[in-house]
Protein chains: 2
Amino acid sequence: MANQPATTHGPRERILAAASALFYRHGINATGIGEVVEVAGVSKRTLYQQFESKDELVAAYLRRMTESGRLLDRRLDRTELAPGERLVALFERPGAAFRGCPMHNASVELTEPAHPGRAVIHAYKQGFLDRLVDTARQAGAADPEELGHRLFVLFEGATALATSINDPAAFDYARPAAATLVGQALTAE
Amino acid sequence: MANQPATTHGPRERILAAASALFYRHGINATGIGEVVEVAGVSKRTLYQQFESKDELVAAYLRRMTESGRLLDRRLDRTELAPGERLVALFERPGAAFRGCPMHNASVELTEPAHPGRAVIHAYKQGFLDRLVDTARQAGAADPEELGHRLFVLFEGATALATSINDPAAFDYARPAAATLVGQALTAE
DNA sequence: TTTCTGCGGTACCGATCGGTTTCCATTCGG
DNA sequence: CCGAATGGAAACCGATCGGTACCGCAGAAA
């Protein structure tokens, strides 16, 4: 009876998959519930018994983006590289369908401060920063906090600019800049 | 008779002022025409004889943002500073009501590639980059193109991150990073 | 005063929004 | 073979969207 184990392709997962693609590609505010149910092959009724509201669906979408690693920050986990190399490898060009960081894009669209998605965005950004600082520490940076924060800004810039000008070449300029910042942080005593 | 010189506070200017504040604060898609005319103290009729459509109003809003310097890139014009200092001064904290770069925010919201605003965004970003490269050249950078592009990414990151985490402290991390990049570009031979 | 024009107010249009409800075909346990 | 639960299709709801049409008032021109 009842709810699929959620690991299989039950209706909830189909809805989330459809919503993720549409929200990311066309924007959150520009995507109607009707579009989501059509792509998911699901009725509105089913959607609304899985999610309280569109706002909650958006929050679930952001949570899904955080958890199941389809984000670029995955590159920090490449243990075959030295920590310092990982910090630079983060800046390799993303794939073609790239349209910026879904978290940041959502924060631009969701101006309502009480939106349930905002907490997810904030938590993600904090977690990403923590991992950057941690990797900077592993790399032996003189001031891991400072280096982590600087790379944080630079990475956000590469993703944001790739959106603004619709060209992932931004990463090609960010990468050597990151190498410079990392190099300076490691040689400083 | 008829249309005010546009330099005065005619209806067109009032509409643009209202639209600018609302589009920037609450987002473009989240702002209805009804809101704009209410704040502007103008009838819908007047709005639609000044602007063909909402899309055109959005494009005019972006054009206005480009022209009448209320954007941070104004800091590149501070001739009392040396070019190298200007490149760093660009990263001083913005004011309190800051909510990111209006151009970038619009590019996140306007996913339609044919939207008339997209050309304005692209032109602005290109112009900003050109000025960065030019200033880098004045500063005597070994590779002005490269330094300009790197600072371009870093600056976009500071503005974007200040939006994502709702905290202008991002600029405080970007500023010394910019100083590092500038310093490296000047000492390299 | 008379006339014309610009403009705010407002009713209105069809479409779409987020969300609810009804109906019916399918499926599955007993 | 039956009854209950599921969920897709679709009608429906009030609100709001972008955009249009009309009314009536103001002020300048004559």
Side-chain angles (χ1 to χ4, degrees), chain A residues 1-20 22-23 25-62 106 109-112 114-118, chain B residues 1-20 22-23 25-62 106 109-112 114-118:
Chain A
M1 74 291 312
N3 40 5
Q4 303 244 10
T7 64
T8 70
H9 295 248
R12 185 182 174 93
E13 189 52 35
R14 290 215 311 282
I15 294 169
L16 267 179
S20 298
L22 292 170
F23 286 162
R25 249 195 295 266
H26 305 305
I28 294 172
N29 290 333
T31 301
I33 290 290
E35 247 176 296
V36 174
V37 303
E38 185 186 336
V39 172
V42 147
S43 72
K44 279 186 167 191
R45 184 176 184 251
T46 305
L47 187 147
Y48 277 101
Q49 72 193 34
Q50 296 284 347
F51 303 95
E52 271 197 4
S53 61
K54 182 181 179 180
D55 284 354
E56 284 301 333
L57 175 61
V58 170
Y61 150 65
L62 295 175
E109 291 209 73
L110 310 179
T111 57
E112 179 85 36
H115 194 288
R118 296 209 71 88
Chain B
M1 84 285 306
N3 40 5
Q4 304 245 10
T7 64
T8 70
H9 295 250
R12 186 182 174 92
E13 190 50 37
R14 288 215 313 280
I15 294 168
L16 267 179
S20 298
L22 292 170
F23 286 161
R25 249 197 292 268
H26 305 306
I28 293 172
N29 289 333
T31 300
I33 290 291
E35 247 176 298
V36 174
V37 304
E38 186 186 334
V39 171
V42 148
S43 73
K44 279 188 167 189
R45 184 178 175 225
T46 305
L47 187 147
Y48 277 103
Q49 70 192 35
Q50 295 285 347
F51 303 95
E52 271 198 3
S53 61
K54 181 182 179 180
D55 284 354
E56 285 300 334
L57 175 60
V58 169
Y61 149 65
L62 296 174
E109 290 208 75
L110 310 179
T111 58
E112 179 84 37
H115 194 288
R118 296 208 71 88

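Chain A is the first sequence line, chain B the second, and so forth, proteins listed ahead of strands; every chain is numbered from 1.
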Is the count of non-hydrogen atoms from other residues, nucleotides or ligands lying under 6.0 Å from B:Glu52 atom CD greater than 12?
no
Check the distance between C:dT22's C1' and A:Tyr48's OH and give it to me in whole angstrom.
18 Å
Using atom CG of B:Leu47 as one end and atom C1' of D:dT20 as the other, report the distance to the nearest whole Å.
13 Å
For C:dG8, does OP1 or OP2 lie under 4.0 Å from any side-chain N or O of B:Arg14?
yes
Nearest whole Å is fine: how far is C:dG6 C1' from B:Arg12 CZ?
16 Å
Specify the separation, in whole Å, of atom CG of A:Asn29 and atom C1' of D:dT16.
14 Å
Between A:Gln49 and D:dG7, is there a contact of a side-chain N or O with OP1 or OP2 at under 4.0 Å?
yes
Is there a donor-acceptor pair closer than 3.5 Å between any side-chain N or O of A:Glu109 and the backbone N or O of A:Asn29?
yes
Rounded interatomic separation in angstrom, taking NE2 from B:His26 and P from D:dT16:
16 Å
Applying side chain to side chain contact (heavy atoms under 4.5 Å, CB included) to B:Ala106 and not counting sequence neighbours gives B:Ile28, B:Leu62, B:Leu110, B:Ile121
side-chain contact (heavy atoms from CB on, under 4.5 Å) between B:Val42 and B:Arg14: does it pass, once the steps are laid out?
CA-CA 8 Å; B:Val42 148; B:Arg14 288 215 313 280; 3.4 Å; yes
Are any protein N/O atoms closer than 3.5 Å to N/O atoms in nucleotides 9-13 of chain D? If there are, list each pair with its distance.
none

side-chain contact (heavy atoms from CB on, under 4.5 Å) between A:Ile15 and A:Val37, worked out:
CA-CA 7 Å; A:Ile15 294 169; A:Val37 303; over 6 Å; no
Rounded to the nearest Å, what distance is computed from the NE2 atom of residue A:His115 to the C1' atom of nucleotide C:dG18?
12 Å
Value in whole Å for how far the C1' atom of D:dG18 lies from CD of B:Glu35
14 Å
Return yes when atom CD of A:Glu38 has more than 12 non-hydrogen atoms of other residues, nucleotides or ligands closer than 6.0 Å, and no otherwise.
no
B:Glu56 CD to D:dG19 P, straight-line distance once rounded to whole Å:
10 Å
